[in-house]
Amino acid sequence: MTEFKSNFLNLMSSRGYIHQCSDEAGLDAAATDGIVTAYIGYDCTAKSLHVGNLISIMMLRKLQQAGGKPIVLMGGGTTKVGDPSGKDESRQLLTEDDIEANKKSIQKVFEKFLTFGDGPTDAIMLDNDVWLSELNYISFLRDYGRHFSVNRMLSFDSVKLRLDREQPLSFLEFNYMILQAYDFLELYRRHGCTLQMGGSDQWGNIINGIELGRRTDQAQLYALTTELLTTSSGAKMGKTAQGAVWLDADMLSAWEYWQFWRNTEDSDVGRFLKLFTECPLDEVARLEQLEGAELNEAKKILATQATALVHGEEAAQDCLKTATETFEAGGTSQNLPTIDMSAESLKMGIGILEAFVMAGLASSNSEARRLVQGGGAKLNDATVSDIKLQITPEHAVNDGTIKLSSGKKKHVLLKPV
RNA sequence: GGAGGGAUGCCCGAGUGGCUAAAGGGGACGGGCUGUAAACCCGUUGGCUAUGCCUACGUUGGUUCGAAUCCAACUCCCUCCA
């Protein structure tokens, strides 16, 4: 590991964020001499960011901790174009209304990680739609288009991938990298932003921005990327059965979020503690050394700290408590996800299959039936063997709730009201 | 505008008249082993008021006792030419 002079790069390096840097020495010097202003751009393609975006959010947080100024750039404009990087086919174009709604919803997350304000190192949030939608086609081409060589653009991975696979790449998407390069220049001019960070898939786009800045403004800009995050077994981070691991509590509960981290693979624990928690490095080193089942302690710390950042300390502690009660004491915690049901219909008797669907543990009666037949369905911790079983008020235990489980990990309480 | 190729289940992909709710793989879910891990092994994987019924191979019609498979028109996509 290289030793840096600046707090910023030392922090980034020691916690494993750095994959590639365009000019380590130059950036190190800049970060030592003054406040570095850096930005990361976020697409507005979904209502919430997910775990895959988390590493970059953490980078902005670390930047601020190390005395830099973070800029969160919402891609209100670039989302209208669509980033071809890493996708082998075009996405459906989103409407402007959708983009606007997504943008509003995404913004909330950042307030948990960054301090916004007017001070020199306070974070600011911008939307590139402000300048991109103002552009005049001809003058833009003459002022900036001439700095881009199509020959070179064709060699970029994001483009090459499509061409090699003979997948379509529209001219619209082809322009994405130019717009992203222009963003960097615009942020340099408006806010003195000299560093763009992002995942390694953004490297080409970032370098384009650096080049453009040098050619038009003789600016010295920098790129810093992280490894694209995968688990040790190679799976992309952030995808689970239900879909992405969202950061928004409305889309994924704190409990599920905690469980996601709790189920981290052994070999990822140390790496994730460094990237996704504020756990001191010597403590991480100690936790990493744990063997076998003891490593579960480290996973709980990982889960609780990571959850605290997104959902708050209190929610994280609740999750830890719930998990301990449920998995270690083998009991039933009242903090498990609870679904209300009608007490009236319970009196009439509710079919076990219907109950599993109601609890969200199965998407159809047939799926619930298969779950029962496969021996994975439990009612109050007892395996259900009869698909015709009727649930009645007599099944309500522990405070009048009924516990349904799918497999060992997923539990839901039904509460008659 | 011309010539050719394509559209199949969550995804990839086989299937060219009945044996097809549709091979195979991936993913996912459940079980086993374990530590709420990984790897590995086994099972499941359209829906329903269920020994039956309904829906489904781009859309709409047609041929046929019978169509994912044959025919026609249409929609969308790709490649090459202009």
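Protein chains get the first letters and strands the later ones, always in sequence-line order, with residue 1 at the start of each. Values below: every heavy atom of this structure, side chains too, minus hydrogens, waters and symmetry copies.
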Exercise for the section: For A:Ala377, answer base if it contacts any base atom (sugar-phosphate contacts may also be present), sugar-phosphate if it contacts only those atoms, and nothing otherwise; contact means non-hydrogen atoms under 4.0 Å. Expected result: nothing
Problem - Span that lies between the C1' atom of B:C53 and that of B:A38, in whole angstrom - result: 45 Å
Exercise for the section: Have a look at A:Thr326 and say if it touches a base, only the backbone sugar-phosphate, or nothing, with a 4.0 Å heavy-atom cut-off. Expected result: nothing
Practice task
Give the rounded distance in Å between these two atoms: CG of A:Leu290 and P of B:G35.
Solution key: 16 Å
Handout entry: Residue closer to the 5' end of RNA chain B, A:Trp255 versus A:Lys378 (nearest nucleotide)
Key = A:Lys378
Practice task
Looking only at side-chain atoms of A:Lys410, point me to the closest of B:C29, B:U36, B:A38.
Solution key: B:C29
Exercise for the section: Verify the contact: side-chain N or O of A:Ser406 to OP1 or OP2 of B:C29, cut-off strictly under 4.0 Å; return yes or no. Expected result: no
Handout entry: Heavy-atom side-chain contact between A:Met197 and A:Tyr17 under 4.5 Å
Key = no
Practice task
Taking atom C1' in both B:G31 and B:U49, compute the distance separating them and give it to the nearest angstrom.
Solution key: 30 Å
Practice task
Please measure how far the C1' atom in B:C19 lies from the corresponding atom in B:G5, and state the result in whole Å.
Solution key: 32 Å
Using a cut-off of under 3.5 Å, enumerate the N/O to N/O pairs linking the protein to nucleotides 47-49 of chain B.
residue : atom : partner  : partner atom : Å
B:G47   : OP1  : A:Ser364 : OG           : 2.9
B:G47   : OP2  : A:Arg370 : NH1          : 3.2
B:C48   : OP1  : A:Asn365 : N            : 3.0
B:C48   : OP2  : A:Ser366 : N            : 2.8
B:C48   : OP2  : A:Ser366 : OG           : 2.3
B:U49   : OP2  : A:Asn365 : ND2          : 3.3

Practice task
Let me know the distance between CZ of A:Phe356 and C1' of B:G30, rounded to the nearest Å.
Solution key: 12 Å
Practice task
May I ask you to decide whether A:Lys108 forms a salt bridge with A:Glu111, counting only side-chain N to carboxylate O separations under 4.0 Å?
Solution key: no
Problem - Whichever of A:Gly374 and A:Lys408 has its nearest RNA chain B nucleotide further upstream toward 5' - result: A:Gly374
Practice task
Tell me what A:Gln373 touches on the nucleic acid: a base, only sugar-phosphate, or nothing, going by heavy atoms under 4.0 Å.
Solution key: nothing
Exercise for the section: Could you tell me the separation between the CZ atom of A:Arg271 and the C1' atom of B:A38, rounded to a whole number of Å? Expected result: 14 Å
Handout entry: No-hydrogen, no-angle side-chain donor-acceptor test under 3.5 Å, A:Asp122 and A:Thr115
Key = no
Distance-only donor-acceptor pairs under 3.5 Å for side chains of residues 384-391 of chain A, two or more places apart:
residue  : atom : partner  : partner atom : Å
A:Asp386 : OD1  : A:Lys388 : N            : 2.8

Handout entry: Interface with RNA chain B, restricted to residues 291-300 of chain A and to heavy atoms under 4.0 Å
Key = A:Gly292, A:Ala293, A:Asn296, A:Lys299
Handout entry: Which atom of A:Leu27 lies closest to which atom of A:Cys21, heavy atoms considered
Key = CD2-SG, 3.9 Å
Handout entry: Check: B:U36 base within 3.5 Å donor-acceptor of A:Glu328 side chain
Key = no
Completion exercise
To the nearest angstrom, the NZ-C1' distance between A:Lys409 and B:A28 comes to 13 Å
Problem - Distance-only donor-acceptor check, side chains A:Gln202 and A:Gln180, under 3.5 Å - result: yes
Exercise for the section: Using whole Å, report how far CZ of A:Phe327 lies from P of B:A37. Expected result: 9 Å
Handout entry: No-hydrogen, no-angle side-chain donor-acceptor test under 3.5 Å, A:Asn128 and A:Asp183
Key = yes
Handout entry: Pairwise C1' distance for B:C41 and B:G46, with rounding to whole Å
Key = 28 Å
Handout entry: Pair A:His147 and A:Tyr182, ring centroids less than 6.0 Å apart
Key = no
Practice task
Quick one: closest heavy-atom pair of A:Val51 and A:Leu247, and the distance?
Solution key: N-CD2, 4.2 Å
Scan the side chains in residues 134-142 of chain A for donor-acceptor partners under 3.5 Å anywhere in the protein, sequence neighbours excluded, and list what turns up.
residue  : atom : partner  : partner atom : Å
A:Asn136 : OD1  : A:Ile138 : N            : 3.1
A:Asn136 : OD1  : A:Ser139 : N            : 3.1
A:Asn136 : OD1  : A:Ser139 : OG           : 3.1
A:Ser139 : OG   : A:Asn136 : O            : 3.3

Exercise for the section: Whole angstrom is fine here: how far is it from CD in A:Glu325 over to P in B:U36? Expected result: 16 Å
Problem - Between B:G61 and B:A21 - P atom distance, rounded Å - result: 23 Å
Problem - Rounded interatomic separation in angstrom, taking CG from A:Leu320 and C1' from B:U36 - result: 13 Å
Problem - P atoms of B:C57 and B:U69, separation to the nearest Å - result: 9 Å
Practice task
With C1' as the reference atom in both, quote the distance from B:G58 to B:A7 in angstrom, rounded to an integer.
Solution key: 6 Å
Problem - Watson-Crick or G-U stems of RNA chain B, 3 or more pairs, under 3.5 Å, by first number - result: B:1-7 with B:75-81, B:10-12 with B:24-26, B:27-32 with B:40-45, B:46-48 with B:52-54, B:58-62 with B:70-74
Handout entry: Whether A:Phe276 and A:Trp261 hold their rings parallel, tilted or perpendicular, with breakpoints at 30° and 60°
Key = tilted
Fill in the blank from the handout: salt bridge (Lys or Arg N to Asp or Glu O under 4.0 Å) filter on A:Glu313, not counting sequence neighbours, yields none
Problem - Polar side chain donor-acceptor pair, A:Ser364 to A:Glu367, under 3.5 angstrom - result: no
